[in-house]
Amino acid sequence: MNKKMNIAIDGPAGAGKSTVAKLVAEKLSYLYIDTGAMYRALTFAALRANLDLEEGSQLKELLDGLTIQLQHEESGVRVLLNNEDVTDEIRTKDVTSNVSLVSSHEGVRIEMVDRQRKLAETGHAVLDGRDIGTYVLPDAKVKIFLTASVEERARRRYEEHQKKGISSDFDQIKKEIAHRDKLDSTRAFAPLKKADDAAEIDSTTLTIPEVAELIIELAKERER
Ligand code: DC
């Protein structure tokens, strides 16, 4: 596909956005941009610096001194924070349970969005997040709002943990996912919300390749 056509994939935690976005990007030879990883990297840095996560201005100051790179390698995308590989560290429970608070601050979001728009400038990128279609790239040609029931999203997360040998409690995971949805969709600035012109895909009963195929079809239609 030659025309400039960024693809925005938004939706709640655990709907399969990143796996789908990666696959779509691979099939179209587009750049995959994981915007959640950027907020996670800042959260990791803020926790390590012992900052008060309620203080948006301190977080913004910290962010101004950080470079966050999404480096594409054979094995996947590595996340570099001032050149330090923090790919695994940003997925810990501690980061996950604090990232909604960190990402709720307006100053933090404005800076992140600026960086995300620059990364997407080539016009051949797939971005996944919460506010891509509504705020980061309101002119994206393809906008997807990917959902799945809380039950199903918790089940997927639980299975992921099982596979990695991490012990976890299904009901607890479900509660955490519902809590994060609530924080992300009720924050004042650029909350998680379906864009009016986004296509909604419910992935509860679909496989990842099926969802990716639907998105690619839509992208091809838009190109015509
Ligand atoms: O997609 P994820 O679970 O890695 O995202 C982590 C958090 O970052 C999510 O709970 C909310 C925030 N986020 C955001 O506010 N805006 C984005 N575009 C992406 C993520």
Side-chain angles (χ1 to χ4, degrees), residues 6-22 24-25 31-47 53 56 59-60 63 66 68 70 76-79 81 86-120 125-138 140 143-148 150 153-154 156-158 160-161 173-195 198 203 208 211:
N6 286 320
I7 299 178
I9 304 180
D10 292 302
K17 295 185 301 293
S18 62
T19 322
V20 165
K22 250 180 254 166
V24 170
L31 176 68
Y32 166 53
I33 303 170
D34 178 352
T35 63
M38 298 170 71
Y39 290 101
R40 285 172 179 273
L42 173 63
T43 305
F44 170 74
L47 288 169
L53 306 185
L59 292 166
K60 166 68 169 60
L63 178 58
L66 297 175
I68 302 171
L70 305 173
V77 181
R78 310 300 304 175
V79 181
L81 181 67
V86 295
T87 312
D88 297 329
E89 287 81 352
I90 64 166
R91 304 284 162 197
T92 59
K93 243 182 131 202
D94 207 15
V95 169
T96 301
S97 54
N98 286 294
V99 64
S100 289
L101 175 58
V102 169
S103 61
S104 68
H105 299 289
E106 184 171 341
V108 165
R109 299 200 70 82
I110 288 174
E111 171 61 22
M112 287 293 196
V113 168
D114 193 44
R115 295 184 187 196
Q116 290 157 10
R117 287 181 179 149
K118 285 197 181 106
L119 288 172
V126 183
L127 287 83
D128 81 323
R130 304 292 188 287
D131 60 341
I132 311 300
T134 53
Y135 187 68
V136 181
L137 301 175
K143 296 184 187 179
I144 306 294
F145 196 73
L146 190 62
T147 61
V150 177
R153 289 186 279 134
R156 291 177 191 167
R157 194 56 39 100
Y158 180 75
E160 230 174 81
H161 285 180
I173 293 184
K174 209 167 115 182
K175 257 191 227 151
E176 280 164 12
I177 286 185
H179 182 60
R180 197 139 66 95
D181 286 354
K182 185 156 181 258
L183 293 179
D184 293 344
S185 51
T186 57
R187 69 171 172 239
F189 191 77
L192 164 66
K193 188 170 159 280
K194 177 183 167 301
S203 75
I208 296 290
V211 176

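FYI, the numbering just counts along the sequence from 1. Order of appearance sets the numbers: ligands from 1, and atoms from 1 within every ligand.
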Novice: Enumerate the atoms of ligand 1 whose separation from the nearest heavy atom of Ser100 is less than 4.0 angstrom.
Specialist: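 Answer for ligand 1: 10 (O).
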Novice: Among protein heavy atoms, which lies nearest atom 19 (C) of ligand 1, and at what distance?
Specialist: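 Of every protein heavy atom, Thr35 OG1, 3.3 Å lies nearest to atom 19 (C) of ligand 1.
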Novice: Which atoms of ligand 1 sit under 4.0 Å from any heavy atom of Asp184?
Specialist: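 Every atom of ligand 1 under 4.0 Å from some heavy atom of Asp184: 9 (C), 10 (O), 11 (C).
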Novice: Should you measure from each heavy atom of Gly129, which atoms of ligand 1 turn up under 4.0 Å away?
Specialist: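 What qualifies from ligand 1 is 17 (C), 18 (N), 19 (C).
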Novice: Any idea which part of Arg187 is under 4.0 Å from ligand 1, heavy-atom wise: side chain, backbone, both or neither?
Specialist: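 Side chain only.
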Novice: Which heavy atom in Ala198 sits nearest to a heavy atom in Lys194, and how many Å separate them?
Specialist: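 For Ala198 and Lys194, the tightest heavy-atom pair comes out as O-NZ, 3.1 Å.
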Novice: Where's the contact between Arg180 and ligand 1, heavy-atom distance under 4.0 Å: side chain, backbone, both or neither?
Specialist: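 Answer for Arg180: side chain.
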Novice: Apply side-chain hydrogen bond (donor to acceptor under 3.5 Å, both in side chains) to the pair Asp184 and Ser100, showing each step before the final yes or no.
Specialist: CA-CA 6 Å; Asp184 293 344; Ser100 289; 2.8 Å; yes
Novice: Give the residue, atom name and distance (to 0.1 Å) of the protein heavy atom nearest atom 20 (C) of ligand 1.
Specialist: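 Result for atom 20 (C) of ligand 1: Gly36 CA, 3.5 Å.
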Novice: Can you find a heavy atom in the side chain of Arg157 that is under 4.5 Å from one in the side chain of Glu176?
Specialist: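 SC-SC contact between Arg157 and Glu176 ruled out.
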Novice: Provide the closest heavy-atom pair for Ile173 versus Tyr158 in the form atom of the first, atom of the second, distance.
Specialist: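 Heavy-atom minimum between the residues: CD1-CA, 3.8 Å.
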Novice: Who's the nearest protein heavy-atom neighbour of atom 16 (N) of ligand 1, and how far?
Specialist: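 Nearest neighbour among protein heavy atoms for atom 16 (N) of ligand 1, to 0.1 Å: Arg109 NH2, 3.0 Å.
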Novice: Quick one: do Glu111 and Arg115 make a salt bridge, cutoff under 4.0 Å?
Specialist: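 Judged by the 4.0 Å cut-off on N to carboxylate O distance, Glu111 and Arg115 do form a salt bridge.
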Novice: Return yes if some donor-acceptor pair links the side-chain N/O of Arg117 with the main-chain N/O of Val136 below 3.5 Å, else return no.
Specialist: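 The answer is yes, because a donor-acceptor pair under 3.5 Å joins these two groups.
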Novice: Applying a 4.0 Å heavy-atom criterion (strictly less than), which segment of Arg40 is in contact with ligand 1: side chain, backbone, both, or neither?
Specialist: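 For Arg40, only side-chain atoms sit under 4.0 Å from ligand 1.
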Novice: Does a donor on one side chain sit under 3.5 Å from an acceptor on the other, for Ser203 and Arg156?
Specialist: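 Yes, side-chain donor-acceptor contact under 3.5 Å.
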Novice: For Lys193 and Thr134, which heavy atoms make the closest approach, and how far apart are they?
Specialist: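 Looking at all heavy atoms of both residues, the closest pair is O-CG2, 3.4 Å.
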Novice: Quick one: look up the protein heavy atom nearest atom 12 (C) of ligand 1 and list residue, atom name and how far away it is.
Specialist: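 Nearest protein contact, heavy atoms only, for atom 12 (C) of ligand 1 is Ser103 OG, 3.5 Å.
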Novice: Among protein heavy atoms, which sits nearest to atom 8 (O) of ligand 1, and what does the distance come to when rounded to 0.1 Å?
Specialist: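 Looking only at protein heavy atoms, the one closest to atom 8 (O) of ligand 1 is Val99 CG2, 3.6 Å.
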Novice: If you measure from each heavy atom of Ala13 to ligand 1, is any distance below 4.0 Å?
Specialist: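 Heavy atoms of Ala13 never come under 4.0 Å of ligand 1.
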Novice: Please set out all donor-acceptor pairs under 3.5 angstrom arising from side-chain atoms of residues 39-47, sequence neighbours excluded.
Specialist:
from  : atom 1 : to     : atom 2 : distance (Å)
Tyr39 : OH     : Arg109 : NH2    : 3.4
Arg40 : NH1    : Ile90  : O      : 3.1
Arg40 : NH1    : Thr96  : OG1    : 3.1
Thr43 : OG1    : Tyr39  : O      : 2.7

Novice: Please state which protein non-hydrogen atom is closest to atom 1 (O) of ligand 1 and give its distance, to 0.1 Å?
Specialist: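 Nearest neighbour among protein heavy atoms for atom 1 (O) of ligand 1, to 0.1 Å: Arg130 NH1, 3.0 Å.
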Novice: Give a yes/no verdict on whether any heavy atom in Met112 is under 4.0 Å from an atom of ligand 1.
Specialist: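 Distance cut 4.0 Å: Met112 fails for ligand 1.
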